[in-house]
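Accompanying notes for the structure given below.
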Amino acid sequence: MSGKVKVLLVGAAFSADLHMEGYARCRDIAQIVAICDKDVSRIKELAERFGVENYKAYDNYDDAIDEVECDLVDICLPNFLHHDVALKAFKKGRHVISEKPLATTAEDAWEMVDAAVKAGRKLFYAEDWLFAPALGKALEIVEEGAIGKPMYIRARECHNGSHSPFTQTIKYCGGGCMVHLGIHPVGFMLALKNNRWTELVAMTSGGSENNYIHKKMEGEDWAACIIKFEDGTSALLESNYITVGGMEDVIDIYGTDGCMHIDLTFSSAIKCFSTPGLKYTVEKADMTKGWSRPAVDEKFNLGYVGEIRHFMECCLENRDAKTGLRGIDGLEALKVINLIYKSAKEGRKIVNEAISV
Ligand SMILES: NC(=O)c1ccc[n+]([C@@H]2O[C@H](COP(=O)([O-])OP(=O)(O)OC[C@H]3O[C@@H](n4cnc5c(N)ncnc54)[C@H](O)[C@@H]3O)[C@@H](O)[C@H]2O)c1
């Protein structure tokens, strides 16, 4: 393929905005040719904000997929719709980017992977952590041996609850904070260890009335998992919706000769005190008065810009994405999330039978 990747963006709200930042910075190789959202006012607003011109607007993704001449369909819709849109896009011979989680069930996720193979097209899994520059630098430091052999990693994504109404009902989303937020640390660790996990044990708050705060949410609002890998590394992966003050994306790496602490959301170079408050500081901040650490280029630092360029380059060269960003990696991450739920529900350790230890 030569020229620019023509993109149909499906969904025009929160995650579409994150992806748009990426497209806005790779206009040399990508072009948004159409945007679809059942709420058309969001399409106009999004396109105007990012200066997208000469695009077609659709309120129905069946029509959009059918009519739009494009190379790739980028799915920024609620979790339960990823499967349907992806299958329709592959049927039309398009490549697909799916937001996380790949689907609400492992069966649907597997069908998406299978449909991509049968169509001879790529399924890209949008795990932005893998493009966060700070994490990339941290892995370089590990690679040079500066902290010895990593033995234990602690990673978490936590905030005060999702803005999206679809995240309240398991049928629409597949679970609670672990499937929404914990899938980032899970995906990151699986990519680091090439999916070679051996055993895990987990606990969650249980969902609904058992939750700490979000009693109306069917999924859990707190979850933690201890997981071991074939090379002996262990990790504690956590997510919760009970964290106030802004989103925490924190990774701690303990090695035989040192350790490292990476803070993706509160490591701004700016420290500000404001009496009236700022317009915005960091994702999911409850308030912006008093002391804050206003994010600098937040979408770049969380990896959204890098992931979109990577997917566009893969598309142009018709190659698979890097480990952690392929459809099969999204499938593996979802399988692990489901086993975390199983472990928590049954109160027992789960062993990965596919890998002998
Ligand atoms: N990688 C990340 O950090 C990140 C962050 C947020 C969300 N996400 C993921 O992105 C996806 C979307 O989440 P969001 O936060 O943008 O959700 P959202 O609720 O903010 O937006 C969903 C959009 O989809 C539209 N929509 C719903 N049903 C539709 C239909 N049938 N046809 C057309 N449009 C329809 C809605 O009108 C809305 O504009 C989810 O899978 C979520 O897990 C990823």
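One-based numbering along the sequence shown. These numbers come from a predicted model, not from an experiment. Indexing begins at 1, ligand by ligand and atom by atom, following the structure's order.
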(message) Leu77 versus ligand 1: do any nitrogen or oxygen atoms come within less than 3.5 Å of each other?
(response)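 So ligand 1 has an N or O lying under 3.5 Å from an N or O of Leu77.
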
(message) With a cutoff of 4.0 Å, is His184 in contact with ligand 1, counting heavy atoms of the residue only?
(response)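 The answer is yes: ligand 1 sits under 4.0 Å from a heavy atom of His184.
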
(message) Below 4.0 Å from ligand 1: does a non-hydrogen atom of Lys100 turn up there or not?
(response)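 For ligand 1, residue contact (heavy atoms, under 4.0 Å) with Lys100 is present.
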
(message) Can you tell me which portion of Ser162 lies within the under-4.0 Å heavy-atom range of ligand 1? Options are side chain, backbone, both, or neither.
(response)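 For Ser162, there is no contact with ligand 1 at all, from either part.
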
Just which atoms of ligand 1 are under 4.0 Å from any heavy atom in [X]?
X     : value
Tyr61 : 31 (N), 32 (N)
Asn79 : 40 (C), 41 (O), 42 (C), 43 (O)
Leu81 : 28 (N), 29 (C), 30 (C), 31 (N)

Only heavy atoms count here, so choose which of [options] is nearest to [atom].
atom                    : options                       : answer
atom 5 (C) of ligand 1  : Ile43, Leu18, Asp17           : Leu18
atom 22 (C) of ligand 1 : Gly11, Cys36, Pro78           : Pro78
atom 1 (N) of ligand 1  : Ile75, Leu181, Asp249, Asp128 : Asp128

(request) Calculate, to the nearest 0.5 Å, the distance between atoms CZ and CZ belonging to Phe300 and Arg25 respectively. (result)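 Answer rounded to 0.5 Å: 7.0 Å.
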
(request) Under 4.5 Å between side-chain heavy atoms, chaining through other members, with only Ile, Leu, Val, Met, Phe, Trp and Tyr counted: pull out the rest of the cluster around Ile270, sorted by chain and number. (result)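 Val296, all in the cluster of Ile270.
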
List the atom pairs, donor and acceptor, that lie under 3.5 Å between side-chain atoms in residues 105-114 and the rest of the protein, sequence neighbours left out.
from   : atom 1 : to     : atom 2 : distance (Å)
Thr105 : OG1    : Asp108 : N      : 3.1
Glu111 : OE1    : His83  : NE2    : 2.8
Asp114 : OD2    : Lys118 : NZ     : 2.7

